[in-house]
Each structure stands twice: as structure tokens, then as C-alpha cells.
Visitor: 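Before I ask anything, here is the structure I am working with.
Note: hydrogens, waters and symmetry copies are ignored here, and every other heavy atom, side chains too, is used.
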There are 2 protein chains.
Amino acid sequence: MAACPIDNKSIRPIIYAAGKCRMIDQRRLPTEEVWLEYDNYTEVAEAIRSMVVRGAPAIGVAAAFGAWFGARDIASESSAEFMRQFEEVCAHLAATRPTAVNLFWALERMKTFARANLDRSVMELKIGLEYEALAIAEEDERLNRTLGKNGARLIADGARVLTHCNAGALATGGYGTALGVLRAAVEAGKKISVVADETRPFMQGARLTAWELQKDNIPVTLICDNMAGYLMSKGEIDSVIVGADRIAANGDVANKIGTYTLAVLAKEHKIPFYVAAPLSTIDMSLGDGSLIPIEERDEQEVTHVGGVQLAPTGVAVRNPAFDVTPARLISAIITEAKVVEGDFSQGLAALFAG
Amino acid sequence: MAACPIDNKSIRPIIYAAGKCRMIDQRRLPTEEVWLEYDNYTEVAEAIRSMVVRGAPAIGVAAAFGAWFGARDIASESSAEFMRQFEEVCAHLAATRPTAVNLFWALERMKTFARANLDRSVMELKIGLEYEALAIAEEDERLNRTLGKNGARLIADGARVLTHCNAGALATGGYGTALGVLRAAVEAGKKISVVADETRPFMQGARLTAWELQKDNIPVTLICDNMAGYLMSKGEIDSVIVGADRIAANGDVANKIGTYTLAVLAKEHKIPFYVAAPLSTIDMSLGDGSLIPIEERDEQEVTHVGGVQLAPTGVAVRNPAFDVTPARLISAIITEAKVVEGDFSQGLAALFAG
């Protein structure tokens, strides 16, 4: 991977062209806009692991391109041997981050395509997988626009909406999920303002959400995570909207650490709490959220910020990257198919029954 | 003020000797232990404002020494003129931070002493005020030890206790309030472990609480503020204990931003929530917490950490330094006089009725 210049008027974190994929280095935003260029699967895996790219749907898109790079570089002309090596490529990409299900969903979709076409030549398989990766990326932005329109009716004109982490264009193929709903509300003529949790330890709210909304001229106010309760107690928050990394069949939602706390606070203040996520985030194989694996990340993310040491050397640290919000605390789950409210077990099952 | 070496085996943030007061620069902990030397009231005021010294009781102690420096330097031999100028000194020190009541309490105590002794010579007044400042400092550590013993019975052997900000030795004349209770529990032979919220934006938990507890060999685990709900949901927290910056007559508690959120989470998880504070933190003149002024501090505390920019230039920011936890969410208020439980209005009034 190498740094490269790019023109990117509407915000997209991953741009694919001419057999290479360019990703904006999200670790360096908002002070630097650096694009990195990728054309092999091990570097894409490392980009996912180290959070050059993050956000459940964007991880899925990146993994799809990574899988395609891996497929392209397989030398065998035997489709059986190709499939064996392609499974290894996908396993390597899958081993990067455990919580966001879109990663596994995208890899599964790539493998399903390959398996269904094993009667074709390896050359044809490779061409097909490139198209499949492109389709995953393009569909993601398109469905976020639909999801946004579906959710926009839940956001009142004049609403002051709290969001956590970054469920924006940067977290997806484009447009965003939670921020897609807010963009759609603005496009529908509503005047809204956003309060962005900074989202420790990785600061996606401060670095990414504030940056995205500023670029789109949507009013945004940054707070520390521990200030949300205060603003709610003062009547300064009308609703909460977040994305998701994985949604269980009963509607329990794994999302960035701190989401659960916001949901408890929203309940205490009788404020609606919305989750916006594509169908690819819903994992119908898991009955409830207790089955979702929660990634614990490196201690240094907590003890250091921007290279500055903030805690005494050797202190013990916990760093769970996600938490699980039980379905009972969620007012609605907004998808590209429909807005699910009420009984989530029934509602989510119905989405996949069609 | 100048940097100076010091030997400080048990942790005290303010050390007075030979007409000068030395304060550890709490902004530079835990990576640097730098002591600054003060001998005039305007520099002490600036130390309070800029948070060289912080923590409600420690601010009170610093203000008392600041008032004494101001008194010492008054040139007039007329006690009426002395009092006029001394009131100005105290007003200057009072204008530094609005929320912690101990600041005003300590200055009022100094003024009350002066007013009660205006029949003495200015020389005698000055000597008396030096003793009064020393008494405020020494009493604070002593009463924290009593407070700690009173509260220790609430901490079970084996308890995993969550704390927020730093209500430790560094926040007081010595020993600490919330951390004083934990120290007393340890001294009583209980094995406990502490989970410390890092406490954005000023990071008192990461920088000060972790440092203090490490020094005392009390097991401590550092988390980001938004992880407390996750640990509670996993059953990993047995109780919460915090300090206070001001307590209203009905038991509402102003404390470091994020405290209210912890209290809501504690209620949701049926975990006891304790507040530890000396009587000087209780402001019987305020009926409830809505009357406590909440300081909003500089935006840069949120947008930058350790000089590193984390948010886009020009983003709007809120930075309330405190929030108010309603009495209904508090299990007990631990003071040096007794542990108040149940009806706080009655219980607190009784403390001052004696």
C-alpha cells in the first residue's frame, strides 16, 4: 500500500478503480486526509485490523475487495484448487475483527458466488468475483440512501439528535446508516442539529462524525461521552440514533462501546433510541446478543491518545470495543427494507422470510 | 511560582512550610512529578483556575493558603483597611471556579476569623490567619481518615468498586474522600479492587486515581468512561463510590461530569451508589441541585488531548465540568460525622443542627 492523491467530493472511504482500492486512512482524520492504495489481501486484512478502515458496512466492503485481490493472485488453473486457496484468503480476512458481522457476510457472499460457479474457468471466476466485490460496495451506498429515507420520518423538524461513534459515510460504502438517516432528514428539508459523542478510546465521533457533518454543513456539537446524560437531563436531546456492528435475531444490538449506556440514559429520560443498519448487519443465526463475540482491543488505545501517555506505566486496562444493547431499550431498528418496531423477533424474522 | 524538589512519602498535593506552599502540578501527572512553589495569592488563584490543584477539598486548602499570602502582603496597619483589602483578596480567589463549594467555605472561614478578631493588631491577625489556613489543611486530612472509617463498612471484602474522577489524596488535604473510604477498607483488612473511569476530558481517573492507587498497591483497572455500563451489565461491578463538589440540602450532588450517568447505570443494575464528602462540601443554603452553578470550561479540553488535536478545527463543543446527581439515585452520603442514608433532607439537616 502507498499514499496517493485522490479527488473525493462526496464522502466515500473506499474507492476502487483499475484493480486497486484506495482507502482514506481514518486513523489520521480529521487533521490529515491521507489515501492509501491497496492491491493485495494481506494488506487489506491489516488495514481492517489496524482500523485504517472501520465501521461494520465499510469493513464488509473492504473485505470484499481484499477477497477479490486474493482471488486474482491465485495461480492455479484448477477451480477446485482455486476454491481451496480462496477459502484460505477469506479465512485470513475473517480473522481480523470478530464483532461486526458484515465482514463475515461479505466474505460469505464472495465464497457463495465462487462455489455456485465452480463449473466455470478460473479466469471467469476471477472476473465474476471482481464484479461481486464492486456490487457489494455499490449496493451498500444505494441501500443506505433507502435506509435513510425510511428512517427520516422518525426525525422531527428541529430535532437535536445525539449519535455515538461514526455510523456515517466513512463507516459504509457511502452516505452512512445513522448519519444517512440524518442526511435524509436534512434532504427532506428538516432543520436538525447533531450532538456527537467523541467516542473513546478511538475517538470516531470527534475525528470522523464531526468531520463528516462539518463537510455536509449539518450543525454538529462535540461532547465527551460522559456528557450525554447531563444534556439529556437538561432536556437538550430529542432522540438518539446509532449504527450497529451486529444485530441478533431478537433485536439485541452490538455496537461501539458506550452505546448501551446511551440506551439506558435514553430510557431514563424517555427519549427514543434508534438503531440504523442494513440487513447485512442482522445475524439471524444468533438468538440473542449474549452470543455476539465482543472484541477486546489493545490497552494502549486507552492509556495513550495520539501518542501521548495519559495513564501510569503498567496500569491494568480493560478495552472492550463493543457492548450489547438489549432489544427492550430500542425504539426502532431502521433497515433498507423497513423500519422494525415493536416485537423485534417477529419483525426481524419477517424481513428474511420474504 | 517555581519548580522545586520535594519528598512526599504519603500523598499530599499541597505542602506548606516556611511561608511557602508547594503544590504538585496535577496537570503533568502521572508521567512527571513536578512540584511548584507559591507565595502570593494571585498565583495561587491561577493555580486553582488552571487546575494545577483540583478536587473540591484541595481547592479549599489551596484557597486558604492563598488568602493567607494575600493577608500577609497587605501593608496597612489599620485593621479596618486590612479587612477591606482582605475581602478583595478573597473575592479574587473565589472568582476562579464556581462549582466546588469548599472554595467558598474555606474563604468564608478565613474571613470569619478575621472579622472576629478585628480588635487585634494587624500583625496578630496575620499570625492568626496563617494558623487558620494550616488548620484547614490539617483538619482536612484528619477528617478524611474519620470519613474513610465511617464508609469502610459499606465496602464488602472482595468488592469490585467503580470510581470516577479523582476523589483521592490528590483532591484533598490528604488520604482522600471516596478513595479514603477505599483506603480505610484496605486498612481494615479487606481485599478490594478498583475500576477507575478515565474521566474525560481532564483524565483525572487515568492520570491521578490510577497513579495514587498504584502507589498504594491497591489493585486498579483503568477503563474509558463509556465502558462502565458494559462492566455493570457483565456483573463485574459491586458498588460505585465518588466524591462531590457540592451537595445541596436535599442530597442532590454536583460532581465531575459523568457522575450522573454512573448513578443512572447503577440504578439500572441495582448497584449501590455512594458519595463521600466532608461536611464542608454540603451547602445548606441551596434547596436542591438545580441551584448549583455548573462550570463550563474551555473547548480545547475536549478538542485536544496532551496537545494533540482530535477534532476538526472550528467544531462546536460543549464542556460542562460537572453534573448533578439527584438524591433519589444515591444510596448513602458518607461524611466525617456519620453516614447519611434514607431521607437526605432530614439527615443532612441533622448534621448541622447539633
Visitor: If every non-hydrogen atom of B:Pro201 is compared with every non-hydrogen atom of A:Met227, which pair is closest and at what distance?
Guide: CD-CE, 4.0 Å

Visitor: Side chain, backbone, both or neither: which part of A:Leu29 has an atom under 4.5 Å from a heavy atom of chain B?
Guide: neither

Visitor: Report yes if some heavy atom in the side chain of A:Val317 is under 4.5 Å from a heavy atom in the side chain of B:Thr221; otherwise report no.
Guide: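 When only atoms from C-beta onward are counted, B:Thr221 and A:Val317 do not touch, as no gap falls below 4.5 Å.
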
Visitor: Using a cut-off of under 4.5 Å on heavy-atom pairs, state which of B:Leu208, B:Val264, B:Thr199 scores highest against chain A.
Guide: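 Sorted descending by pairs with chain A, the first entry is B:Val264.
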
Visitor: Between A:Leu213, A:Thr303, A:Thr261, A:Ile257, which shows the greatest number of heavy-atom pairs under 4.5 Å with chain B?
Guide: A:Ile257

Visitor: Please flag which part of A:Leu231 lies under 4.5 Å from any non-hydrogen atom of chain B: side chain, backbone, both or neither.
Guide: side chain

Visitor: Side chains of A:Pro312 and B:Glu212: closer than 4.5 Å at any heavy-atom pair?
Guide: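 The answer is no; the side chains never approach within 4.5 Å.
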
Visitor: Rounded to the nearest 0.5 Å, what separation is found between the CE atom of B:Met203 and the SG atom of A:Cys224?
Guide: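 Taking CE in B:Met203 and SG in A:Cys224, the distance rounds to 8.0 Å.
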
Visitor: Between A:Glu32 and chain B, which part of the residue has a heavy atom less than 4.5 Å away: side chain, backbone, both or neither?
Guide: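 Neither part.
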
Visitor: Chain B: which of A:Gly306, A:Pro320, A:Gly229 shares the most heavy-atom pairs with it under 4.5 Å?
Guide: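 The answer is A:Pro320.
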
Visitor: Using heavy-atom distances under 4.5 Å, tell me whether A:His269 contacts chain B through its side chain, its backbone, both, or neither.
Guide: side chain

Visitor: Which one of B:Thr259, B:Val305, B:Val324 has the most heavy-atom pairs closer than 4.5 Å to chain A?
Guide: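 Of the candidates given, the most pairs with chain A belong to B:Val305.
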
Visitor: Among B:Glu236, B:Met232, B:His164, which residue forms the greatest number of heavy-atom pairs with chain A at distances under 4.5 Å?
Guide: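 It is B:Glu236.
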
Visitor: Please round to the nearest 0.5 Å and tell me the distance separating atom CG of B:Asn319 and atom CD1 of A:Ile223.
Guide: 10.5 Å

Visitor: With a 4.5 angstrom heavy-atom cut-off, could you sort out which part of A:Gln309 is near chain B: side chain, backbone, both or neither?
Guide: both

Visitor: Measure distances from A:Thr313 to the heavy atoms of chain B and classify the residue's part below 4.5 Å as side chain, backbone, both or neither.
Guide: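 Backbone only.
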
Visitor: Search all heavy atoms of A:Glu198 against all heavy atoms of B:Val302 and return the closest pair with its distance.
Guide: OE1-O, 4.1 Å

Visitor: If I measure from the heavy atoms of chain B, does A:Lys267 come under 4.5 Å with its side chain, its backbone, both, or neither?
Guide: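 Contact with chain B is through the side chain of A:Lys267 alone.
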
Visitor: Search all heavy atoms of B:Ala210 against all heavy atoms of A:Val315 and return the closest pair with its distance.
Guide: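 Scanning both residues, the minimum pair turns out to be CB-CG2, 4.0 Å.
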
Visitor: Side-chain contact, heavy-atom cut-off 4.5 Å: A:Glu268 with B:Glu268?
Guide: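 Contact flag for A:Glu268/B:Glu268 side chains = no.
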
Visitor: Rounded to the nearest 0.5 Å, what's the gap from CG on B:Leu262 to CG on A:Asn226? Could you check?
Guide: 8.5 Å

Visitor: If I measure from the heavy atoms of chain B, does A:Thr31 come under 4.5 Å with its side chain, its backbone, both, or neither?
Guide: side chain

Visitor: Need one label for A:Tyr260: side chain, backbone, both or neither, based on atoms under 4.5 Å from any heavy atom in chain B.
Guide: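 When you check distances to chain B, only side chain atoms of A:Tyr260 fall under 4.5 Å.
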
Visitor: Can you tell me which portion of A:Asp225 sits under 4.5 Å from chain B's heavy atoms? Options are side chain, backbone, both or neither.
Guide: side chain

Visitor: Can you confirm whether B:Glu299 sits close enough to A:Leu222 that some side-chain heavy atom of one is under 4.5 Å from a side-chain heavy atom of the other?
Guide: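 B:Glu299 vs A:Leu222: side chains apart.
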
Visitor: Would you check if A:Val308 and B:Val308 make a side-chain contact, meaning some heavy-atom pair closer than 4.5 Å?
Guide: yes

Visitor: Rounded to the nearest 0.5 Å, how far does CD1 of B:Ile294 lie from OH of A:Tyr230?
Guide: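 Between A:Tyr230 OH and B:Ile294 CD1, I get 5.5 Å after rounding to 0.5 Å.
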
Visitor: Determine the option with the most heavy-atom pairs under 4.5 angstrom with chain A, choosing from B:Pro326, B:Gly258, B:Ala316.
Guide: B:Ala316

